[in-house]
Amino acid sequence: MSFALAGIQAGRSADVPLAFLVAVTDLIPLIGATLGAVICIAVALFATRLWPTTVLVLVFFVVYQQIENYLIAPRIMRGPVRLRAGAVLLAA
């Protein structure tokens with residue numbers, strides 16, 4: 001997070017380091033995606049104004065996690081466990 005904030009203050013974009021950080025934290029089961037989102041939201045909050053940038057980052061991560069959890073994951077997991085998508089959702 002400090003690397004991204006230092007890059008923003010130096011006039012550079014922190015998109016790539018933050019995207020890499022989210023990709024790495026997304027590998028942590030159960031809390032990884034939320035942890036990556038919290039870090040990105042914190043960087044946006046400290047580096048920019050609350051409106052619109054930080055709010056848009058928050059909205060993006062909420063929508064992203066909803067799509068991943070309720071549309072993509074059940075379709076991927078129903079094959080290996082041989083269950084319907086609704087059963088996979090209820091199991092999670």
Side-chain angles (χ1 to χ4, degrees):
M1 187 164 106
S2 60
F3 177 73
L5 285 173
I8 290 171
Q9 290 179 354
R12 289 185 231 136
S13 177
D15 298 341
V16 174
L18 286 175
F20 181 75
L21 180 73
V22 169
V24 170
T25 58
D26 207 14
L27 297 173
I28 302 170
L30 299 176
I31 63 164
T34 304
L35 181 64
V38 167
I39 292 170
C40 287
I41 291 167
V43 168
L45 181 63
F46 291 123
T48 63
R49 297 184 315 225
L50 178 65
W51 177 257
T53 307
T54 304
V55 174
L56 290 175
V57 170
L58 175 72
V59 168
F60 168 77
F61 275 107
V62 168
V63 169
Y64 166 74
Q65 287 182 1
Q66 295 303 311
I67 289 172
E68 182 180 11
N69 290 337
Y70 295 108
L71 294 178
I72 297 172
R75 292 174 192 252
I76 293 172
M77 289 305 296
R78 74 175 157 191
V81 295
R82 290 185 169 55
L83 292 173
R84 293 180 180 248
V88 172
L89 280 175
L90 291 175

Rounded to the nearest 0.5 angstrom, the CZ-CD distance for Phe61 and Gln66 is 13.5 Å
Could you state whether Ile67 and Tyr64 fall into the same hydrophobic cluster, counting links through intermediate Ile, Leu, Val, Met, Phe, Trp or Tyr residues with side-chain heavy atoms under 4.5 angstrom apart?
-> no
Closest non-hydrogen atoms of Ala44 and Thr54, given as atom of the first, atom of the second and distance, are O-OG1, 3.1 Å
Interatomic distance, CG@Leu45 vs CG@Leu50, rounded to 0.5 Å, equals 6.5 Å
Please say yes or no: joined through hydrophobic side-chain contacts below 4.5 Å, possibly via intermediate residues, are Ile41 and Phe60 part of one cluster?
yes
Open item on the list: Are Val63 and Trp51 linked, directly or through intermediate hydrophobic residues, by side-chain heavy-atom contacts shorter than 4.5 Å (ILVMFWY only)?
Closed with: yes
Sequence neighbours excluded and cut-off under 3.5 Å, please list the side-chain donor-acceptor pairs for residues 22-39, or say none.
{"residue": "Thr25", "atom": "OG1", "partner": "Leu21", "partner atom": "O", "Å": "3.1"}
{"residue": "Thr25", "atom": "OG1", "partner": "Val22", "partner atom": "O", "Å": "3.2"}
{"residue": "Thr25", "atom": "OG1", "partner": "Gly32", "partner atom": "O", "Å": "3.4"}

